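Working notes, structure below.
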4 protein chains.
Amino acid sequence: MTINEETLNLQLDLSKPLYEQILHQIRYALARKDLELGAKLPSVRELAQQLRVNPNTVMRAYQELNRDELIETRRGQGTFITTKPQKIQHIRDNLATEAVNSFIDTMQELGMSRQTALSLLEEGEW
Amino acid sequence: MTINEETLNLQLDLSKPLYEQILHQIRYALARKDLELGAKLPSVRELAQQLRVNPNTVMRAYQELNRDELIETRRGQGTFITTKPQKIQHIRDNLATEAVNSFIDTMQELGMSRQTALSLLEEGEW
Amino acid sequence: MTINEETLNLQLDLSKPLYEQILHQIRYALARKDLELGAKLPSVRELAQQLRVNPNTVMRAYQELNRDELIETRRGQGTFITTKPQKIQHIRDNLATEAVNSFIDTMQELGMSRQTALSLLEEGEW
Amino acid sequence: MTINEETLNLQLDLSKPLYEQILHQIRYALARKDLELGAKLPSVRELAQQLRVNPNTVMRAYQELNRDELIETRRGQGTFITTKPQKIQHIRDNLATEAVNSFIDTMQELGMSRQTALSLLEEGEW
DNA sequence: GTGGTCTAGACCACA
DNA sequence: GTGGTCTAGACCACT
């Protein structure tokens, strides 16, 4: 029912924007359906302390997740994962579609045929 | 033998770094093998004027392409596309590999199987 | 843990490209292993003020060091020396090899024997 | 008695300043004592045509050699190599000393001992 | 005319 | 406060 920093297992690379990394990793954990609906997330301060980053940095990530209604902040109670499975499904679909489109766009920008692109993908390591 | 702005057909979005867009678009045009080896690119000032950006912005893009030896600048003469086809092939391979890896990484981050990923790609619009 | 301008002790000659001199001197200080790994360099603005040059000039030097991964810049935090000793060793080896090759090339271009070159070196002031 | 472009055998890299390359190569050929004292050099126009560069570029190189009195331009007659062997010896010594000092400086800038520098040189390919 | 360096100063992104 | 992008405009180096 309560998610700790260990479960999130956030890995930060100091050379890249921290709030984007936190945002990205929580968003993908949600999309992967690894996290229980309605569960409580660590508080901003708590997470900030554990990650050794400025609370504003964590707050900014939470705010963006809030905007997408993937999480819900209840004043005085804390921050919780949405209870609406369709929100999760929605973001999952979006991220997948975005990845697909981006891949197709890039291959087209390189002037590669669908054929070629697929065969390159086959060769890739999964 | 001389490439004009029309051939490059650069499209700029003012909300993103301009020099990166110029860099990206010329790089992909080269990787697509659309441009003749050894051909002369528009001068820094000329392209800047046509794109309505500052010459320094164009120069920064050119300098980065120079670093990768995709183009060659000759002071007093202008900027030219490399005459070494292997440099072009190299960047083409790199960009394709990068796209493939990035796609695979993202799908794995979403917990999707190779199977699912491929079927999503099949559905995509080419 | 923090490096100041005094430690770097940069000497600028206004008749040569400033950013190259800053780049050169920091690069050699790193190669000399005079600077602590992971230490914070002066901020772009701070160093610019102390050297009485434009911040862009300092930034350009920092960016090139960044490209070689000798330093790492973290937006909002500052600029730090790499923590990877192999990067430092690598640049040290490169700079030494370059000096050796350049010397040999020049002596050969003058048609001097290995013998003669070495004896000239012996006479030189160390 | 007359030196042609073949004897000079100039190799130009278009990506670097042309006049410097011409200057450098003639200067080193002289220092190497490869060229006969008093011999006639190709005319500015002739050399420019053969190298496919602008005559001004060749002229600039000749001017600098003139300044050092390594060559002598006689109006209406052409350009000739100096007849004074001491001028040639002088430039030879200068170029060698410069190479030696530059090598020593660089090694010192890398904090390397005379010992280390010499052993690196021994390893180098001659 | 072509590229290269530098400045002053504005405005944005991140912590 | 720290780095990043962009502009306008000056001056230099090379062909």
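Chain naming here is simple, since letters A, B, ... match the order of the sequence lines and numbering starts at 1 in each. No hydrogens, no waters, no symmetry mates; every other heavy atom, side chains included, goes into these values. Just so it is clear, the model here is predicted, and its values are computed rather than measured.
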- If you pin A:Val53 and C:Gln21 to their nearest nucleotides in DNA chain E, which one's is more 5'?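 Comparing both residues, the 5'-ward one is C:Gln21.
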- Message: For C:Glu20, I'd like to know if atom CD has over 12 heavy atoms of other residues, nucleotides or ligands within 6.0 Å.
- Response: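 More than 12 heavy atoms, drawn from other residues, nucleotides or ligands, come within 6.0 Å of this atom.
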Please determine whether a side-chain nitrogen or oxygen atom of [X] lies at a distance below 4.0 Å from atom OP1 or OP2 of [N].
X       : N      : value
C:Gln77 : E:dA13 : no
C:Tyr19 : E:dT5  : yes
B:Tyr62 : E:dG3  : no
B:Thr73 : E:dT2  : no
B:Thr79 : E:dT2  : no
C:Thr57 : E:dT5  : no
A:Arg60 : E:dC14 : yes

- Message: For a 4.5 angstrom cut-off between non-hydrogen side-chain atoms, does D:Ile26 reach D:Tyr62?
- Response: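 Of all side-chain heavy-atom pairs linking D:Tyr62 with D:Ile26, at least one is under 4.5 Å.
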- Quick one: list whatever passes side chain to side chain contact (heavy atoms under 4.5 Å, CB included) with A:Phe80, sequence neighbours left out.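 Side chain to side chain contact (heavy atoms under 4.5 Å, CB included) list for A:Phe80, sorted by chain: A:Lys40, A:Arg74, A:Gln77.
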Donor-acceptor pair under 3.5 Å: do we get one between [X]'s side chain and the base of [N]?
X       : N     : answer
B:Asn66 : E:dG3 : no
B:Asn54 : F:dA8 : yes
C:Arg74 : F:dG3 : no

In this structure, how many angstroms lie between the [atom2] atom of [N] and the [atom1] atom of [X], rounded?
X       : N      : atom1 : atom2 : value
B:Phe80 : E:dG1  : CZ    : C1'   : 12 Å
B:Glu72 : E:dG3  : CD    : C1'   : 13 Å
A:Glu64 : E:dA15 : CD    : P     : 13 Å
B:Arg67 : E:dG4  : CZ    : C1'   : 17 Å

- Short side-chain to backbone donor-acceptor contact, B:Asn54 and B:Asn56, under 3.5 Å: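 Yes, because the side chain of B:Asn54 sits within donor-acceptor range (under 3.5 Å) of the backbone of B:Asn56.
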- Among F:dT5, E:dT5, F:dC14, the nucleotide that comes nearest once only the side chain of B:Glu20 is considered: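 Of the options given, the side chain of B:Glu20 lies nearest F:dT5.
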- Item | Nearest-0.5 Å distance, CG of residue A:Leu10 to CG of residue A:Leu23 |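 Going from the CG atom of A:Leu10 to the CG atom of A:Leu23 covers 11.0 Å.
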